[in-house]
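The structure under discussion appears below in the form of structure tokens.
One-based numbering, in listed order, for ligands and for the atoms of each.
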Amino acid sequence: MTLTILNPATEEPIAELEQAGVEETDEAVGRAREAFPAWSAVAPGDRARLLRRLAALVEENLEELARIESRNVGKPISGARGEIGMVAQVFHFYAGAVDKHHGETIPVAGGVAATFREPLGVVGLIVPWNFPANIASWKLGPALACGNTIVLKPAELTPLSAIRLEELCLDAGIPEGVVNVLVGKGSVVGQRLIEHPDVAKIAFTGSTEVGRLVMQGAAGTIKRVTLELGGKSANVVFEDADLEKAAAAAPYSVFDNAGQDCCARSRILVQRSVYDRFLALLVEATRGVKVGDPALEDTEMGPLVSSAHRETVGSFVDRDPYFRGEAPDGPGFWFPCTLVEATNEDRVARDEVFGPVAAVIPFEDEADAIRVANDTPYGLSGSIWTRDGARALRVARATEAGVLSVNANTSVRVQTPFGGFKQSGFGRELGMHALEGYSEVKSVFISTEG
Ligand code: NAD
């Protein structure tokens with residue numbers, strides 16, 4: 001069965017691809033298993049060199065990769081360039097990490113105990129459609145650095161950048177069989193990877209719903225699992241914040257990537273004493289978001305990824321919104337920037353919309369802000385806007401989320417751990433923490449008794 005890939009901004013087909021089935025999945029796992037002994041034995045310096053070459057090739061092909069990503073996902077080209085730039089940085093970082101993730105010696109009676117970081121073997125990487133190349137690289141980098149071999153399954157809607165990355169891995173000199181990309185259905189290829197006895201670990205990014213299936217399926221073989229799942233993050237604005245700055249930044253923290261971002265601050269919590277003023281500033285800032293053709297340099301928001309997804313997003317706007325922005329007519333899965341006033345009990349504030357819809361919710365004081373921010377099954381990210389440093393730290397420590405920012409809305413950096421609390425998943429990507437998820441600790445005791 002072939003898969004037709006569409007450009008979400010035009011609805012035109014841009015590729016026809018063969019889909020892998022269970023047989024092809026087993027073959028790919030076989031190739032990865034065969035490549036593992038040699039790859040895991042590559043000297044650290046050489047593995048680092050290969051990762052550096054891959055990073056350099058991504059840089060050399062940045063414009064091409066960015067255009068692939070922009071056309072396949074509907075991302076504005078400027079954002080796509082930034083994302084591919086990060087892919088290169090991720091490979092540079094893990095090239096440098098290869099020989100810095102090591103064991104320790106532990107004082108014990110009768111000898112020496114040493115720990116080693118061993119690769120897992122074949123790892124299955126299952127990634128979503130919202131940041132296809134970026135999220136693939138967050139897994140590929142540490143997995144390769146630790147000496148694992150890989151079967152990568154991109155999302156059905158957006159496989160094109162992963163296919164190009166596989167070619168660049170080969171061009172960089174990473175041996176055949178080390179990185180295998182399989183285009184196919186989650187319920188077929190993904191499911192087979194989860195159940196395959198020769199796959200040691202699944203690194204999954206996607207919805208909480210499918211994350212649950214990954215955990216269930218992995219139980220059969222006690223497979224290692226890391227899960228990066230959904231979010232419903234709060235952007236908490238206190239009365240003492242720089243309101244102009246917070247309001248100018250807020251639209252981009254939820255409408256970037258057309259809201260299709262697990263870290264989207266889709267609940268904007270505003271202290272009641274400044275609620276009306278902030279809302280007025282927020283509307284003005286939202287009006288300024290440039291929605292349109294992703295190929296244009298100054299476009300800030302493109303379409304949603306698919307027609308079906310647009311239906312789902314639309315179902316969240318079940319009343320007159322407080323503000324609805326402009327979006328192009330005609331072909332393309334367009335959806336305007338939308339602000340709704342809500343309580344934290346409303347569906348729009350509880351479920352992940354994954355589209356450009358923000359719920360604005362008032363709160364009374366610091367304790368109330370923390371209560372509302374934590375009143376969600378998710379715990380991925382969030383922001384705190386205040387000029388009071390002690391309050392910022394108190395609220396950050398009390399917030400049940402893995403990645404927070406103060407007076408900023410960023411969540412992702414190559415050097416820092418990224419991942420969720422509660423039903424946003426477990427395990428950490430990026431930074432040195434990610435390496436924990438792609439290696440086992442082995443303890444070896446060496447007797448020194450004569
Ligand atoms: P999804 O869960 O539908 O799909 C993710 C991947 O899983 C795809 O490759 C899909 O083919 C595969 N899949 C689907 N069913 C499967 C099954 N039964 N077995 C194995 N694999 C299966 O998610 P999506 O719609 O592609 O992406 C959106 C979701 O991803 C949102 O919930 C978003 O919050 C989440 N996300 C999380 C992060 C994070 O880092 N926490 C980052 C990006 C996206």
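- Looking at atom 42 (C) of ligand 1, its nearest protein heavy atom turns out to be Cys262 SG, 2.8 Å.
- Considering backbone and side-chain atoms alike, Trp129 places an N or O below 3.5 Å from some N or O of ligand 1.
- With respect to Arg192 and Asp26, a salt bridge is recorded, a charged nitrogen being found less than 4.0 Å from a carboxylate O.
- One finds no salt bridge joining Arg347 and Asp318 here, because no Lys/Arg side-chain nitrogen approaches an Asp/Glu carboxylate oxygen to under 4.0 Å.
- Two residues are said to be in side-chain contact when any heavy atoms from C-beta on lie closer than 4.5 Å; Ile77 and Arg67 meet this criterion.
- The two residues Ser40 and Gly147 have their closest heavy-atom pair at CB-O, 3.5 Å.
- Geometrically, Arg428 does not engage Phe418 in a cation-pi contact, judged by NZ or CZ lying under 6.0 Å from the ring centre and within 45° of the ring axis.
- In this structure, Lys422 forms no cation-pi arrangement with Tyr378, as its terminal cationic atom is not both closer than 6.0 Å to the ring centre and no more than 45° off the ring axis.
- Residue, atom and distance of the protein heavy atom nearest to atom 11 (O) of ligand 1 are Glu156 OE1, 2.6 Å.
- Interface of Ile194 with ligand 1, defined as ligand atoms under 4.0 Å from a residue heavy atom, comprises 19 (N), 20 (C).
- Checking only distances, Lys185 never comes within under 3.5 Å of ligand 1, N or O to N or O.
- Numbered from 1 in the order shown, with element, the atoms of ligand 1 that lie under 4.0 Å from a heavy atom of Gln191 read 18 (N), 19 (N), 20 (C).
- Ligand 1 places these atoms under 4.0 Å from at least one heavy atom of Leu213: 18 (N).
- When each atom of ligand 1 is checked for a heavy atom of Phe418 under 4.0 Å away, the hits are 40 (O).
- For Leu229, a nitrogen or oxygen atom sits less than 3.5 Å from a nitrogen or oxygen atom of ligand 1, counting backbone and side chain alike.
- Residue contacts with ligand 1, taken as heavy atom pairs separated by less than 4.0 Å, do not involve Leu157 at all.
- Residue Leu193 does not touch ligand 1, judged by heavy-atom distances below 4.0 Å.
- Counting protein heavy atoms only, atom 27 (O) of ligand 1 is closest to Pro128 CB, 3.3 Å.
- Between Ser187 and ligand 1, not a single N/O pair is under 3.5 Å apart.
- Contacts of Val214 with ligand 1, taken as heavy-atom pairs under 4.0 Å, are absent altogether.
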Decide yes or no on side-chain hydrogen bond (donor to acceptor under 3.5 Å, both in side chains) for His101 and Ser439, but give the supporting numbers first. CA-CA 10 Å; His101 180 60; Ser439 55; 3.0 Å; yes
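- Near Pro154, the atoms of ligand 1 lying under 4.0 angstrom from a non-hydrogen atom of the residue are 9 (O).
- Only the side chain of Phe354 comes within 4.0 Å of ligand 1, judged by heavy-atom distances.
- Scanning all protein heavy atoms for the shortest distance to atom 8 (C) of ligand 1 gives Val127 O, 3.3 Å.
- Residue contacts with ligand 1, taken as heavy atom pairs separated by less than 4.0 Å, involve Glu352 solely via side-chain atoms from C-beta onward.
- Annotation for ligand 1: atoms under 4.0 Å from non-hydrogen atoms of Ile135 are 42 (C), 43 (C).
- Residue Gly186 holds the heavy atom nearest to atom 20 (C) of ligand 1 of all those in Gly186, Gly217, Gly206.
- Contact atoms of ligand 1 toward Leu380: 41 (N) (distance under 4.0 Å to a heavy atom of the residue).
- Taking 4.0 Å as the cut-off between side-chain N and carboxylate O, Glu228 and Lys139 do not count as a salt-bridged pair.
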Candidate pair His309 and Gln260, rule side chain to side chain contact (heavy atoms under 4.5 Å, CB included), full reasoning: CA-CA 10 Å; His309 189 53; Gln260 304 164 123; 3.5 Å; yes
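- In this structure Glu436 satisfies the salt bridge (Lys or Arg N to Asp or Glu O under 4.0 Å) test together with Arg117, sequence neighbours excluded.
- Salt-bridge check for Glu167 with Arg164: passed, with a basic side-chain N closer than 4.0 Å to an acidic carboxylate O.
- Ion pairing between a basic and an acidic side chain is recognised when a charged N comes within 4.0 Å of a carboxylate O; Arg319 and Asp346 show such pairing.
- Checked against a 3.5 angstrom limit, the closest N/O atoms of Lys153 and ligand 1 fall inside it.
- Counting only heavy atoms of the protein, atom 3 (O) of ligand 1 lies nearest to Ser207 OG, 4.0 Å.
- The option with the heavy atom closest to atom 5 (C) of ligand 1, from among Thr205, Thr312, Ile126, Val403, is Thr205.
- Here the protein heavy atom with the shortest distance to atom 43 (C) of ligand 1 is Asn130 ND2, 3.2 Å.
- Taking the centre of each ring, Phe363 and Tyr275 stay at or above the 6.0 Å mark.
- Aromatic rings of Trp129 and Phe354 (six-membered ring for Trp) have centroids within the 6.0 Å cut-off, being under it.
- For Glu156 and Lys153, the salt-bridge test passes: some basic side-chain N is under 4.0 Å from an acidic carboxylate O.
- If you check which protein heavy atom lies closest to atom 15 (N) of ligand 1, you get Val210 CG1, 3.6 Å.
- Enclosure of atom CD in Glu11 by more than 12 non-hydrogen atoms of other residues, nucleotides or ligands within 6.0 angstrom is indicated.
- In Cys263, neither the side chain nor the backbone holds a heavy atom less than 4.0 Å from any atom of ligand 1.
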